[in-house]
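Here is the structure we will look at, set down as structure tokens.
Counting starts at 1 for both ligands and their atoms, following the listed order. The analysis underlying the following values was restricted to heavy atoms, covering all of them including side chains, and did not include hydrogens, waters or symmetry mates.
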Amino acid sequence: MTGPSSPSPDHAGGLLTIDLGAIAWNWRLLRDRMGPGRTSAGVIKADGYGLGAPAVARTLAAAGCRTFFVALPEEGVRLRAALPGHPIYVLSGPLGDSLPLFTDHNLRPVLNTPEQVQAWLSHAPADRPYALHVDTGMNRLGLTPAEFDTLADRLAPAIVMSHLACADQDGHPLTAEQVARFRAVRNRLPDAVACLANSPGHFIDDALGADALFDLGRPGVALYGGNPTPGRPNPMRQVVTLQLRILQVRRVDTPGTVGYGASRRVSGGARLATVAAGYADGLLRSLGNNGWGMLGAVRVPVAGRVSMDLITFDVSAVAEDEARPGAWITVLDDRHTIDDLAAEAGTIPYEILTSLGRRYARRYEGGSADGSVAG
Ligand SMILES: *Cc1c(COP(=O)(O)O)cnc(C)c1O
């Protein structure tokens with residue numbers, strides 16, 4: 001199965017393979033972390049972290065995921081066909097005049113502000129389920145504790161949620177504070193499903209208590225292979241393989257430099273391979289002279305700056321018959337992960353995934369368009 005508007009693998013500059021079986025496996029691992037009687041939702045905002053929200057949604061639904069979160073109303077509208085019967089929550093809530101989108105497409109808002117609460121209670125048909133977001137210390141989005149106190153008695157959300165700021169840092173004191181504040185919130189709304197854990201939140205310290213995971217996990221990046229426990233081995237399976245096509249290989253006759261700004265010197269006899277992808281395809285410019293790829297079993301470094309559509313690798317260490325036009329340099333797979341490439345680019349795997357361009361030929365494996373999943 002290939003993506004709807006993706007170019008032919010025959011002539012694309014890059015080949016992006018998405019392992020839906022690994023996404024299903026990752027979801028099951030996260031659900032199991034939640035413990036008996038609890039489960040996890042799936043966060044598929046930003047087009048499923050760049051991997052294709054409909055395919056991810058069908059895969060997760062087939063694996064047993066019942067609840068989905070997107071960021072914006074239009075993302076929910078686009079997903080409705082892939083998830084005909086599942087609750088889809090919109091994290092940003094009703095924005096502007098978007099209320100009819102919620103009612104027409106049976107989307108559920110996350111209400112984040114007193115204004116959103118007011119608008120929903122006065123305009124949405126009664127009994128339409130919604131979630132309530134209380135800010136327990138991130139100071140980003142959600143009702144303040146004082147606003148929650150004022151409004152709680154009038155509210156009956158299906159889900160009450162908050163968001164952890166530092167769950168990826170072992171033993172960070174803010175996590176314990178947020179868990180304690182969220183316990184108080186959930187005690188005020190005992191009938192609501194309590195939802196706190198993002199990906200790293202599924203792995204927080206046992207010392208916080210088994211109930212610190214609450215009822216429903218809300219993972220995103222770990223579904224897609226990102227390490228939810230930075231600094232420790234990654235328990236998730238890699239989902240993404242990205243291969244870049246070599247356009248040209250040149251042997252440098254005399255010492256010289258590579259690319260814009262002549263930022264990399266090469267000696268005579270070096271061999272350079274230029275691939276048909278660049279920063280317009282999400283291979284961030286900060287990978288210049290920092291990133292790595294694999295050609296066969298050999299690690300090859302990015303040589304010089306990343307251009308819009310081209311990157312040059314130093315393939316001097318690769319046998320001549322392997323480093324040739326038409327061969328592929330792999331920049332993402334289970335040997336060189338989204339966390340590795342993110343570290344080389346000076347960013348986080350979230351940005352690597354959501355930057356993946358539209359010019360790759362996309363191929364889904366380990367599942368099918370209707371959501372049935374192998375493995
Ligand atoms: C993006 C997001 C998530 C998922 O976070 P990950 O770190 O990707 O697991 C969960 N909840 C909220 C409110 C989010 O914005």
Side-chain angles (χ1 to χ4, degrees), residues 23 26-31 33-34 39-51 53 56-57 60 65 67-73 75-76 79 87-93 95 107-113 116 130-143 157-170 172 174-175 178-179 181-182 185 193-204 213-231 234-237 239-240 337-339 342 347-356:
I23 293 178
N26 288 339
W27 183 80
R28 287 189 214 104
L29 179 82
L30 294 162
R31 176 205 56 196
R33 288 283 316 170
M34 291 297 296
T39 191
S40 288
V43 179
I44 49 179
K45 60 192 181 187
D47 195 27
Y49 287 47
L51 301 187
V56 173
L60 294 178
C65 180
T67 307
F68 295 84
F69 288 89
V70 294
L72 295 167
E75 294 182 325
L79 264 178
I88 301 175
Y89 285 90
V90 176
L91 289 164
S92 295
L95 301 170
L107 306 175
R108 301 181 177 191
V110 175
L111 304 178
N112 298 290
T113 65
Q116 288 189 335
Y130 59 90
L132 186 70
H133 186 178
V134 182
D135 193 317
T136 52
M138 188 169 185
N139 289 317
R140 185 178 70 165
L141 191 62
L143 298 179
I159 291 179
V160 62
M161 60 173 267
S162 190
H163 194 51
L164 294 170
C166 303
D168 59 345
Q169 295 170 52
D170 258 341
H172 196 290
L174 185 53
T175 304
Q178 289 196 271
V179 166
R181 288 185 198 132
F182 193 57
V185 166
V193 169
C195 179
L196 181 65
N198 54 358
S199 296
H202 286 68
F203 297 85
I204 52 175
L213 294 179
F214 295 92
D215 304 317
L216 181 69
R218 208 172 58 243
V221 75
L223 296 171
Y224 311 102
N227 188 357
T229 60
N234 188 353
M236 314 315 297
R237 278 199 191 163
V239 170
V240 169
T337 67
I338 52 176
D339 290 273
T347 183
I348 52 176
Y350 302 73
E351 192 178 21
I352 297 292
L353 287 174
T354 56
S355 301
L356 290 170

Looking at I44, V240, T354, which one forms a side chain to side chain contact (heavy atoms under 4.5 Å, CB included) with L51? V240
Can you check whether A222 has an N/O within less than 3.5 Å of an N/O in ligand 1? no
Quick one: does any side-chain atom of D339 pair with a main-chain N or O of N227 as donor and acceptor, under 3.5 Å? yes
Does E351 use its side chain to pair, donor to acceptor, with the backbone of T347 at less than 3.5 Å? no
Tell me, please: is F69 in heavy-atom contact with ligand 1, that is, under 4.0 Å? no
Ligand 1 and H133, any nitrogen or oxygen pair closer than 3.5 angstrom? no
Donor-acceptor pair, side chain of H172 and main chain of D168, under 3.5 angstrom: no
Of all the atoms in ligand 1, which lie at a distance below 4.0 Å from a heavy atom belonging to Y49? 1 (C), 4 (C), 5 (O), 6 (P), 8 (O)
So if I count the atoms of ligand 1 from 1 in the order they appear, which ones are less than 4.0 Å from some heavy atom of K45? 1 (C), 2 (C), 3 (C), 14 (C), 15 (O)
Rounding to 0.5 Å, atoms CG (L164) and CG (L196) come to a distance of 4.0 Å
So, the side chain of D47 versus the backbone of G50: is there a donor-acceptor pair under 3.5 Å, distance only? no
Quick one: which ligand 1 atoms are inside 4.0 Å of a heavy atom on S199? 6 (P), 9 (O)
Suppose I only count heavy atoms of R140 and a 4.0 Å limit; which atoms of ligand 1 are within that range? 15 (O)
So which protein heavy atom does atom 7 (O) of ligand 1 come closest to, and at what separation? Y350 OH, 2.6 Å
Take F182 and F214 through the ring-ring contact (aromatic ring centres under 6.0 Å, His included) test and state the conclusion after the steps. CA-CA 9 Å; F182 193 57; F214 295 92; 4.8 Å; yes
So is there a nitrogen or oxygen of G220 less than 3.5 Å from a nitrogen or oxygen in ligand 1? yes
In the protein, what heavy atom is nearest to atom 11 (N) of ligand 1, and what distance, to one decimal place, separates them? R218 NE, 2.9 Å
List every atom of ligand 1 that sits less than 4.0 Å from any heavy atom of V221, numbering the atoms from 1 in the order shown and giving each element. 6 (P), 8 (O), 9 (O)
Out of the candidates R218, H133, Q178, only one should pair with H163 under the side chain to side chain donor-acceptor pair (under 3.5 Å) rule; please name it. R218
Against ligand 1, does P219 come closer than 4.0 Å with any heavy atom? yes
